[in-house]
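The block underneath contains the structure these notes are about, expressed in structure tokens.
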Amino acid sequence: MNTKGLKYIIVGAGFFGAVMAERIANVLKERVLVVEKRNHIGGNCYSTIDEKTGIEYHKYGTHIFHTSNEEVWRYINQFTQFNSYRHQVLTTYQNRVYQMPINLETINSFFEVNLKPFEVNDFLAKYKGDLSVEPNNFEEAAIQSIGKPLYEAFIKGYTKKQWQKDPKEMPISVFKRLPIRKNYEESYYYSRWQGIPLEGYTKIFERLLNHKLIDVQLNTDFFELRKQLSKNTKVIYSGPIDRYFDYCFGKLTWRTLDFEFQRHEVEDFQGTSVMNYAEESIPYTRIHESRHLHPERSYSDRQTLTIKEFSRIDHGEQPFYPIPDEQNQQLVKQYRALAEQKSNLIICGRLGDYKYYDMDKTIKRALEVFEEKVRH
């Protein structure tokens, strides 16, 4: 691989790396090399077609693009159009299906009542415990918000499966990501714009990286070619920050996902794109049915594809989601301080920042870092 005279190398072909490469090529008119250890571009947003059913699916779990950021929306629409899909999540508990996130329909169905929105607080008050005590963890915050019965039915078991941790050991910030509603609003997101790329996610990355100044090398381990780089080459790294520094302070922990694919000889298996399973006794967290992501497409009425999702703890082999406990936060601070000492190094993105970014936040971060640290 020829790296002579290379000014920029980007590690990772997900949204952060692809947007950064597009900006360097189109704005700075500079050559840039993108290296990706996987055999495809797109990172965890990669989508592909199932050869037997013809259904396009997201290989690493369902991804819904949503944003209220106009700059991000204008930017991404240069590379794709979106369909009219609106994300709704359902959850199964004791063989009954409920709305998720918890809303007024969930509450009324679970308790077999017929509350109005203004009656919800008084009704749930008796289940919330002592509200004068400041919550110290995820579980305490959840019970104070929705009460113990709803928490134990819909949140506790699912959270244990998803994070492989007792909710008592998890920070309040994780619970605050969960929307709770007292009306019948079913859409998972309140974002101004929402949808699935009409041609799938992979097409976005193909267009982002389709430039004569961008060279993409798949199946490439950055750490095997790092010694070939000139000291003048700027490294833009979107992989795990601890891996870059050879885990010198210790390994960060992550949540990763495993998937089990299954085809069914029916038109529609579960009637929705994502069905959660709340009980801890059921080993998977949810089932995806990808045909529902593209209501504008005509798929077979004889077959469908489902994907069971299993969650487990990972120590860097296949990192997906950061686990923001105190120990990991302290490790990240040490690694960030080390990274800031390197003048020709930028470490960012979900894995680099060790932060949970949605797709629009990742794009926004890439645009900001380009303007602040690359262009100027």
task = Identify whether the distance between the nearest side-chain nitrogen and carboxylate oxygen of Lys251 and Glu317 falls below 4.0 Å.
result =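 Judged by the 4.0 Å cut-off on N to carboxylate O distance, Lys251 and Glu317 do form a salt bridge.
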query = If you measure from the Lys or Arg side-chain nitrogens to the Asp or Glu carboxylate oxygens, is any gap between Lys160 and Glu279 under 4.0 Å?
reply = no
task = Starting from the C-alpha separation in whole Å, work towards a yes-or-no answer on side-chain hydrogen bond (donor to acceptor under 3.5 Å, both in side chains) for Glu309 and His288.
result = CA-CA 8 Å; Glu309 179 180 310; His288 307 266; 2.7 Å; yes
request  = Scan residues 8-31 for pairs that pass ring-ring contact (aromatic ring centres under 6.0 Å, His included), counting only residues two or more places apart or in two chains.
outcome  =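 For residues 8-31: Phe15-Phe205.
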Distance to the ring centre below 6.0 angstrom and angle to the axis at most 45 degrees; does that hold for [X] and [Y]?
X	Y	answer
Arg255	Tyr321	yes
Lys126	Phe123	yes
Arg350	Phe320	no
Arg38	Tyr60	yes

Test of understanding: with side-chain contact (heavy atoms from CB on, under 4.5 Å), list the residues that count as partners of [X], not counting sequence neighbours.
X	value
Glu371	Arg375, His376
Ile214	Ala21, Ala25, Val32, Val34, Leu209, His211, Val216
Tyr190	Arg181, Asn183, Glu185
Lys176	Ile172

Please check if the side chain of [X] supplies one atom and the backbone of [Y] the other of a donor-acceptor pair under 3.5 Å.
X	Y	result
Glu36	Ala13	yes
Thr233	Leu229	no
Ser191	Trp193	no
Asp242	Tyr247	no
His63	Asn44	yes
Asn83	Tyr85	yes
Asp358	Lys361	no
Lys29	Asn26	yes
Ser145	Ala141	no
Asn276	Ala278	no

Within a strict 4.5 Å, meaning less than it, do heavy atoms of the [X] and [Y] side chains meet?
X	Y	result
Phe269	Gln303	no
Val19	Leu367	yes
Asn344	Val235	no
Lys165	Ile323	yes

Closest heavy-atom contact between [X] and [Y]?
X	Y	answer
Cys348	Arg365	SG-NH2, 3.4 Å
Arg192	Ser68	N-OG, 3.0 Å
Leu198	Glu296	CD2-OE2, 3.6 Å
Asp353	Val332	O-CG1, 4.3 Å
Ala153	Phe110	CB-CE1, 3.7 Å
Gln164	Lys161	NE2-O, 2.7 Å

[X] [atom1]: over 12 foreign heavy atoms closer than 6.0 Å:
X	atom1	answer
Glu169	CD	yes
Lys355	NZ	no
Gln78	CD	yes
Asp130	CG	yes

query = Given Arg312 and Asp258, is the salt bridge (charged side-chain N to carboxylate O under 4.0 Å, His left out) satisfied, shown in steps?
reply = CA-CA 8 Å; Arg312 60 180 170 84; Asp258 297 312; 2.5 Å; yes
request  = Apply side-chain hydrogen bond (donor to acceptor under 3.5 Å, both in side chains) to the pair Glu56 and Ser47, showing each step before the final yes or no.
outcome  = CA-CA 7 Å; Glu56 183 155 11; Ser47 66; 2.8 Å; yes
inquiry  = Ring-plane angle category for Tyr46 and His40, please: parallel below 30°, perpendicular beyond 60°, tilted otherwise.
reply    =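 Aromatic pair Tyr46/His40 classed parallel.
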task = Look at the rings of Tyr335 and Phe245 and say which category their plane angle falls in: under 30° parallel, 30 to 60° tilted, over 60° perpendicular.
result = parallel
ask   = Please walk me through it: do Phe138 and Trp163 pass ring-ring contact (aromatic ring centres under 6.0 Å, His included)?
value = CA-CA 12 Å; Phe138 180 110; Trp163 293 97; 8.7 Å; no
inquiry  = Which residues end up grouped with Tyr284 if you chain together Ile, Leu, Val, Met, Phe, Trp and Tyr wherever their side-chain heavy atoms are less than 4.5 Å apart?
reply    = Leu90, Val97, Met275, Tyr277, Ile282, Ile287, Phe310
Ring pair (Phe, Tyr, Trp, His ring centres under 6.0 Å) against [X], all qualifying residues, sequence neighbours excluded:
X	result
Phe82	Phe65, Trp73
Phe222	none
Phe370	none

key: Step-by-step side-chain hydrogen bond (donor to acceptor under 3.5 Å, both in side chains) determination, His315 to Thr253   = CA-CA 5 Å; His315 295 284; Thr253 51; 5.6 Å; no
note = The side chain to side chain donor-acceptor pair (under 3.5 Å) partners of Glu30 (sequence neighbours excluded) come to Lys7
Set of residues satisfying side chain to side chain donor-acceptor pair (under 3.5 Å) with respect to Asp325, sequence neighbours excluded =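 Partners of Asp325 by the side chain to side chain donor-acceptor pair (under 3.5 Å) criterion, ordered by chain and then number, come out as Asn328.
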ask   = Does the salt bridge (charged side-chain N to carboxylate O under 4.0 Å, His left out) test come out yes or no for Glu140 and Lys168, once each step is laid out?
value = CA-CA 7 Å; Glu140 292 176 3; Lys168 294 187 183 74; over 6 Å; no
request  = Please step through salt bridge (charged side-chain N to carboxylate O under 4.0 Å, His left out) for the pair Glu206 and Lys203, ending with a clear verdict.
outcome  = CA-CA 5 Å; Glu206 290 175 354; Lys203 278 292 182 183; 3.5 Å; yes
Results of salt bridge (charged side-chain N to carboxylate O under 4.0 Å, His left out) for Glu368 - residues two or more places apart only =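 Per chain and number, Glu368 pairs via salt bridge (charged side-chain N to carboxylate O under 4.0 Å, His left out) with Lys364.
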query = Distance only, no hydrogens: is a donor on one side chain within 3.5 Å (strictly under) of an acceptor on the other, for Gln270 and Glu289?
reply = no
